[in-house]
Amino acid sequence: MQAFICVTCGTQFPPAGAPPARCPICEDERQFVPPAGQGWTTQEKLAITHVNGWHQYEPGIIGIATQPRFAIGQRAILLRTAHGNVLWDCISMLDAATVTLVKALGGVQAMAISHPHFYTTMNEWAEAFDVPVHVHADDREWVMRPGPRIKHWEGETLRLSPDVTVIRGGGHFTGSSMLHWSGGAGGRGVVCSSDTVYVAADRKHVTFMRSYPNLLPLPAPRVEAIAAALAPFDFDMMFGNFFDSVIETGAKQAFGRSVERYLAAIAPEKR
Ligand SMILES: [Zn+2]
Ligand SMILES: [Zn+2]
């Protein structure tokens with residue numbers, strides 16, 4: 001019995017004697033099945049060809065992503081807060097080196113995940129670090145491998161610690177969430193936005209999509225809802241979902257400008 005991992009999206013399925021017939025996350029219109037067909041791997045196979053790479057944005061913020069790029073290219077972030085370490089989002093590969101290094105940094109006190117494209121091998125990470133993993137209840141149907149560590153939270157915000165809050169923005173998925181750390185970036189405030197708010201190539205703007213690979217835009221009311229969800233929170237730094245998707249400073253202003261730019265771009269054309 002092996003817990004197979006989809007090579008296109010990185011999602012792990014319950015242990016079985018053979019790979020699943022299909023991956024519902026990839027078959028959803030927000031992801032895709034490659035033209036050459038679906039492929040499967042396992043933690044053991046991944047460890048032969050891949051390693052996890054680390055990027056320190058600053059001493060309290062460390063990104064972790066598998067190298068060479070695997071699945072969607074997801075990047076998790078370890079936030080070293082005054083109230084404990086928070087692991088935001090998750091990646092498929094969890095090797096012995098990663099467990100050793102994260103434990104040496106103080107382990108993990110809480111895990112939370114933005115949306116199904118980052119569920120990956122969340123059960124194994126939560127088990128390795130002996131923590132609950134918080135995912136929004138509105139995306140419950142997309143949990144391919146249920147487990148006792150998964151906590152489904154409901155509503156609009158979840159307080160993880162005195163200065164860390166998970167915020168449901170919706171849009172990309174109904175339960176799509178972001179993380180706000182008020183003490184991050186030297187007290188300037190950090191938002192980890194994942195796919196709810198996508199950091200654009202110039203790192204001075206953001207954008208929004210129902211599907212990034214299939215280029216399906218997000219309707220205006222959904223974008224306005226994300227803006228309303230973030231409005232009460234101060235932040236200066238914003239992280240998307242890859243190593244290089246970060247707005248180093250001025251992120252709240254960049255977000256405001258980008259919401260206006262996006263809504264103008266999808267507005268009906270004036271004749
Ligand atoms: Zn998949
Ligand atoms: Zn996504």
Side-chain angles (χ1 to χ4, degrees), residues 2-16 18-43 45-46 50 63 65-66 69-77 88-93 112-124 133 135-136 138-146 166-179 191-201 206-219 222-223 225-226 229 238-245 262:
Q2 289 182 298
F4 287 94
I5 297 169
C6 170
V7 300
T8 310
C9 73
T11 304
Q12 188 181 51
F13 288 72
R22 43 192 284 272
C23 174
I25 296 203
C26 285
E27 291 183 1
D28 173 53
E29 69 177 11
R30 284 162 283 202
Q31 245 291 107
F32 64 96
V33 176
Q38 199 56 275
W40 303 92
T41 188
T42 62
Q43 288 285 11
K45 279 189 183 168
L46 257 183
H50 291 68
T66 300
R69 180 189 166 104
F70 175 70
I72 299 173
Q74 295 100 325
R75 186 263 290 110
I77 294 195
W88 171 249
D89 275 337
C90 198
I91 60 175
S92 303
M93 181 162 166
I113 301 187
S114 58
H115 74 291
H117 295 150
F118 283 81
Y119 287 173
T120 61
T121 61
M122 59 180 169
N123 296 280
E124 293 184 340
V133 51
V135 299
H136 201 282
D138 285 355
D139 296 335
R140 190 189 294 260
E141 67 184 289
W142 298 105
V143 174
M144 295 296 118
R145 184 181 185 182
V166 183
I167 306 157
R168 191 193 75 87
H172 180 53
F173 276 79
T174 309
S176 273
S177 302
M178 301 167 281
L179 178 144
V191 164
C192 299
S193 62
S194 202
D195 276 353
T196 312
V197 178
Y198 188 95
V199 174
V206 299
T207 192
F208 310 88
M209 284 280 190
R210 172 169 170 79
S211 169
Y212 293 95
N214 300 320
L215 305 173
L216 303 176
L218 204 60
R222 298 276 73 78
V223 172
I226 294 167
M238 182 174 249
F239 290 91
N241 55 9
F242 303 115
F243 264 149
D244 58 352
S245 49
Y262 180 91

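Ligands are counted one by one from 1 in listed order, and the atoms in each one are counted from 1 as well. All figures in this text were calculated on a predicted structure; none of them were measured in a lab. If you read the sequence from its start, that first residue is 1, and numbering goes on from there.
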- Message: Determine whether a donor-acceptor pair (N or O, by modelled atom type, separation under 3.5 Å) exists between the side chain of Y212 and the backbone of D195.
- Response: yes

- Query: Can you tell me the N, O or S atom of D195 that's nearest the Zn ion (ligand 2)?
  - Reply: OD2

- Round to 10° and report the angle made at the Zn ion (ligand 1) by SG of C6 and SG of C26. 100°

- Query: For T8 and Q38, does a side-chain donor sit closer than 3.5 Å to a side-chain acceptor?
  - Reply: yes

- Message: Determine whether a donor-acceptor pair (N or O, by modelled atom type, separation under 3.5 Å) exists between the side chain of D139 and the backbone of P116.
- Response: no

- By atom name, which N, O or S atom belonging to H117 lies closest to the Zn ion (ligand 2)? ND1

- Item | Side-chain donor/acceptor of S193 to backbone N/O of F239, under 3.5 Å | yes

- Provide the atom name of the closest N, O or S atom of H172 relative to the Zn ion (ligand 2). NE2

- Verify, without hydrogens or angle tests, whether Q74 (side chain) and S92 (backbone) share a donor-acceptor contact under 3.5 angstrom. no

- Task: If you have a sec, read the angle at the Zn ion (ligand 1) from C23 atom SG over to C9 atom SG, to 10 degrees.
- Result: 110°

